[in-house]
Amino acid sequence: METNNFNRIKTASVIVLLFIVGTLLNIPFSRELKRLKIEAGNTQVQLSDQLTTDIIQTGIYGFVLGIILVFVGLWLSRKAQLGAPVIERLFSNQKNRTQNRFFKKQLYPVVLSVVLALVVLLVHKLIRAYYPVAGIIERPSKPFYAVVSFSAGITEEIMFRLGLMSLIVVVIQRFKKETNPSAIVVWVSIIITALCFGLIHLPLSKNFSNLTLVTVSSTMIGNLITGSFFGWVYWKRGLLVAIIVHIVWDLVFHVVGSPYL
């Protein structure tokens, strides 16, 4: 699909705005996590009394990082033949056609996301039943997880799929001197990105329980499976559908299922 430079700027602007919103939506969860740490006796954690301070600082962070991630990510994704086709078509002459087909095209991965979340949830609960894990602090309640599901779905897909996965595809392409990425190249990129996706979740897991063989394995394997699925959706449907699928997965797993309760 051909997209002129002005439409590309509009596409990038929409994704940057999404990223800023995503970073701001993380504030309630982040503040609640800090409050729970302080309540548990962690004297190294500080919680700002001014919510506006967090909003301003997070907004600036989201704006600066978003511009870098999005513009570089879109440039890389074009080379990797990936990207945000649905958002791009909103600014092209294919808009009406896209609107008619969009919900049909996203229904299949969304249903898969719900099924996958329920399966991983069941496995998680079985593991916890046979290998109980002692908690360090109380977890935030469901409303906080509901809000952070939107934050994670937006920011993580922009960072990991639009940014990192596209970069890995381009690097492998350059190494192999290929113009078009093969399915093998894309799948290697999906798996490497999913492994990084798992590693980035280990510090969050450490907030709530000690990093044991069980917690590390469940975090890494769980995120490898889900990260690979999100990567596949990004490859086949683009960034926007990957974001939607990620949000749905988090809502089913963390809010509807409540794996830690």
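All of these numbers come straight from a predicted model, not from anything done at the bench. Residue numbers run from 1 in the order of the sequence given.
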J.: Could you verify whether a donor N or O on one side chain and an acceptor N or O on the other, from S205 and T219, lie under 3.5 Å apart?
T.: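 T219 and S205 do have a side-chain donor-acceptor pair below 3.5 Å.
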J.: R31 side chain to S48 main-chain N or O, any donor-acceptor pair under 3.5 Å?
T.: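 Yes, the answer is positive, given that a donor and an acceptor are paired below the 3.5 Å cut-off.
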J.: So, S151 side chain and G22 main chain: donor-acceptor pair closer than 3.5 Å or not?
T.: yes
J.: Between Q173 (side chain) and T179 (backbone), is there a donor-acceptor pair under 3.5 Å?
T.: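 Answer holds: yes.
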J.: Tell me every residue that passes salt bridge (Lys or Arg N to Asp or Glu O under 4.0 Å) with E156, counting only those two or more places apart in sequence or in another chain.
T.: none
J.: Can you list the steps and then say if W249 with V120 is a side chain to side chain contact (heavy atoms under 4.5 Å, CB included)?
T.: CA-CA 10 Å; W249 194 95; V120 175; 4.1 Å; yes
J.: Please say whether more than 12 non-hydrogen atoms of neighbouring residues, nucleotides or ligands are located less than 6.0 Å from CZ in F208.
T.: yes
J.: For S228, which residues count as a side chain to side chain donor-acceptor pair (under 3.5 Å) partner, sequence neighbours excluded?
T.: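 Side chain to side chain donor-acceptor pair (under 3.5 Å) check on S228 returns nothing, list empty.
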J.: Do R161 and F197 meet the cation-pi criteria used here (NZ or CZ under 6.0 Å from the six-membered ring centre, within 45° of the axis)?
T.: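 R161 over F197 ring: yes.
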J.: Can you give me the closest heavy-atom contact between M220 and G198, atom names plus distance?
T.: SD-C, 3.5 Å
J.: Show your reasoning for whether side chain to side chain contact (heavy atoms under 4.5 Å, CB included) applies to M165 and I190.
T.: CA-CA 6 Å; M165 180 177 154; I190 287 173; 3.5 Å; yes
J.: Can you name the closest pair of heavy atoms from T215 and V133 and give their distance?
T.: CG2-CG1, 3.7 Å
J.: I need the minimum non-hydrogen distance between Y145 and V255, along with the two atoms involved.
T.: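 Minimum heavy-atom contact is C-CG2, 3.9 Å.
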